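For reference, the structure is listed below as structure tokens.
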Amino acid sequence: VQLQASGGGLVQAGGSLRLSCEASGRTFGNFPMGWFRRAPGKEREFVAAISWSATYTYYAVSVKGRFTIGRDRAKNTMYLQMNSLRPEDTAVYYCAADTRRRFGDFDSLVRGDVDYLGQGTLVTVSS
């Protein structure tokens, strides 16, 4: 059972990237999911969360209005569209899920309390 993030790369400031998170081994469609990132020399931080139904989303202040989280439950996949990228967005991005909250909210996930954290993908934004 794993989550695998992909889509990272090198982009200039102001550019865009779309990250994907593919789940395998089980279905994550009934659980809240989200994205975290860890910049060089910093702690892991929350980026965005999405409810199991995709009805509700929540963003860190630093990315709100620039990033959009989405999911395709049928494909067991989650996305993060990142626009207007800044050098401070440079980090390894991880997708996560909280399978202890079937049909539940993402409050714990936002606080970093998750039980699945996938392999990361590196995003580098040059100035």
Side-chain angles (χ1 to χ4, degrees):
V1 179
Q2 65 175 357
L3 299 173
Q4 179 65 56
S6 63
L10 174 64
V11 63
Q12 289 189 328
S16 298
L17 281 175
R18 182 178 173 89
L19 304 184
S20 296
C21 175
E22 294 189 9
S24 61
R26 69 175 294 178
T27 179
F28 286 83
N30 297 331
F31 308 104
M33 298 185 71
W35 291 92
F36 292 81
R37 67 186 181 187
R38 185 191 298 271
K42 294 188 176 181
E43 297 287 322
R44 187 182 75 192
E45 65 173 352
F46 165 78
V47 175
I50 188 165
S51 63
W52 67 272
S53 62
T55 302
Y56 302 102
T57 58
Y58 184 74
Y59 299 91
V61 171
S62 59
V63 307
K64 192 172 184 180
R66 300 187 298 122
F67 291 11
T68 302
I69 189 171
R71 68 189 303 171
D72 185 329
R73 297 177 66 216
K75 295 182 178 179
N76 218 17
T77 303
M78 180 177 63
Y79 307 96
L80 185 68
Q81 177 67 41
M82 306 186 296
N83 299 328
S84 302
L85 283 161
R86 305 167 179 168
E88 54 264 38
D89 294 318
T90 294
V92 177
Y93 284 71
Y94 303 87
C95 52
D98 184 358
T99 65
R100 298 159 300 181
R101 294 187 178 274
R102 188 167 181 258
F103 302 132
D105 58 61
F106 46 57
D107 290 359
S108 294
L109 185 148
V110 170
R111 295 193 300 268
D113 186 9
V114 300
D115 59 346
Y116 281 92
L117 187 67
Q119 298 291 322
T121 185
L122 176 62
V123 172
T124 304
V125 185
S126 63
S127 58

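What you are looking at is a predicted structure, and each value in this text was computed from that prediction instead of being measured.
- A donor-acceptor contact closer than 3.5 angstrom links the side chains of Thr99 and Asp115.
- Put simply, the side chain of Met33 does not reach to within 4.5 Å of the side chain of Asp98, judged on heavy atoms.
- Linking ILVMFWY residues whenever their side-chain heavy atoms come closer than 4.5 Å, directly or via other members, places Ile50 and Leu80 in the same cluster.
- A search for ring pair (Phe, Tyr, Trp, His ring centres under 6.0 Å) contacts involving Tyr93 returns nothing, not counting sequence neighbours.
- Going from atom NZ of Lys64 over to atom OG1 of Thr57 covers 8.5 Å, rounded to the nearest 0.5 Å.
- Nearest heavy-atom pair, Pro40 versus Thr90, reported as atom, atom and distance to 0.1 Å: CD-O, 4.0 Å.
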Legend entry - Criterion side chain to side chain contact (heavy atoms under 4.5 Å, CB included) on Trp35 and Cys21, from CA distance to verdict: CA-CA 9 Å; Trp35 291 92; Cys21 175; 3.8 Å; yes
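- Taking both residues in full, the closest heavy atoms of Ser127 and Pro87 are given as CB-CG, 3.8 Å, listed atom of the first, atom of the second, then distance.
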Inset, instruction - Apply side chain to side chain contact (heavy atoms under 4.5 Å, CB included) to Arg66 and Asp89, showing your working. - result: CA-CA 11 Å; Arg66 300 187 298 122; Asp89 294 318; 2.7 Å; yes
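- Summarising the geometry, atom CD belonging to Gln4 is positioned 12.0 Å from atom OG1 belonging to Thr77; distances are rounded to the nearest 0.5 Å.
- Note on Val63: it does not cluster hydrophobically with Leu122, by side-chain heavy-atom contacts below 4.5 Å among ILVMFWY residues.
- Between Leu117 and Ala96, the closest heavy-atom pair is CD1-CB, 3.8 Å.
- Both Val125 and Val47 are members of a single hydrophobic cluster when ILVMFWY side chains are connected at heavy-atom separations under 4.5 Å.
- Note on Leu19 and Val11: same hydrophobic cluster, where clusters join Ile, Leu, Val, Met, Phe, Trp and Tyr whose side-chain heavy atoms are under 4.5 Å apart, directly or indirectly.
- Atoms OG and CD, on Ser6 and Gln119 in that order, are 12.0 Å from each other to the nearest 0.5 Å.
- A donor-acceptor distance shorter than 3.5 angstrom exists from the side chain of Thr121 to the backbone of Gly8, with no hydrogens or angles considered.
- From Met82, atom CE reaches atom OG of Ser16 across 8.5 Å, with rounding to the nearest 0.5 Å.
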Would you list the atom pairs, donor with acceptor, under 3.5 Å between side chains in residues 23-32 and any protein atom, with sequence neighbours excluded?
residue	atom	partner	partner atom	Å
Thr27	OG1	Gly29	N	3.3
Asn30	OD1	Arg73	NH2	2.8

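- For Glu45, the salt bridge (Lys or Arg N to Asp or Glu O under 4.0 Å) partners at least two apart in sequence or on another chain are Arg37.
- Separation of atoms SG (Cys95) and CZ (Arg71) is listed at 11.0 Å; rounding is to 0.5 Å.
- Annotation for Gly118 and Tyr94: closest pair O-CD2, 3.3 Å, computed over non-hydrogen atoms.
- Residue pairs meeting the ring pair (Phe, Tyr, Trp, His ring centres under 6.0 Å) criterion with at least one member in residues 58-85, sequence neighbours excluded, are Phe46-Tyr58.
- The side-chain hydrogen bond (donor to acceptor under 3.5 Å, both in side chains) check on Asn76 picks up nothing, with sequence neighbours excluded.
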Below 3.5 Å, can you tabulate the donor-acceptor pairs from side chains in residues 101-113 to any protein atom, sequence neighbours excluded?
residue	atom	partner	partner atom	Å
Arg101	NE	Ser108	OG	3.2
Arg101	NH2	Ser108	OG	2.8
Asp105	OD1	Asp107	N	3.0
Ser108	OG	Arg111	NH2	3.2
Asp113	OD1	Arg100	NH1	3.2
Asp113	OD1	Arg100	NH2	3.0

